[in-house]
Amino acid sequence: MCICIKCGCFSCKNTSGEPDEKGGAADCVDIMLAILLPPAGIYKKEGCTGRFWANVVLTVLGIAPGSIHAVICISGK
């Protein structure tokens with residue numbers, strides 16, 4: 001996977017420089033990524049925000065709290 005330089009997403013087809021799908025519906029890949037690698041799931045959807053860092057802390061404390069937080073953040077948009 002490559003990170004787009006313009007908007008920071010993982011697979012950018014966007015040429016306008018605006019972030020892709022910020023606030024869009026979560027698909028199956030996003031949910032699976034949130035369960036398996038919680039910080040990566042949030043980073044893919046929102047970037048390096050406060051939610052991302054909170055999820056890093058929760059994941060260090062345990063994979064279950066991090067996964068639950070990531071699924072809620074990704075699907076609750």
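What you see is a predicted model, and the numbers here were worked out from it, not measured in a lab. Counting from 1, the numbers follow the sequence of the chain as shown.
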Can you list everything that forms a side chain to side chain contact (heavy atoms under 4.5 Å, CB included) with Thr59? Sequence neighbours excluded, please. Pro38, Pro39, Asn55, Ile63
On a heavy-atom basis, which atom in Phe52 and which in Gly47 lie closest, and how many Å separate them? CB-O, 3.7 Å
Co-membership, hydrophobic cluster, residues Val56 and Leu58, 4.5 Å side-chain: no
Give, for atom CD1 of Ile72 and atom OG of Ser67, the distance between the pair rounded to the nearest 0.5 Å. 11.0 Å
Output for pair (Leu33 CG, Lys44 NZ), nearest 0.5 Å, gives 7.0 Å
Which pair of non-hydrogen atoms, one from His69 and one from Arg51, has the smallest distance, and what is that distance? CE1-O, 3.6 Å
Residue list, side chain to side chain contact (heavy atoms under 4.5 Å, CB included) with Ile35, at least two apart or on another chain: Ile31, Val71
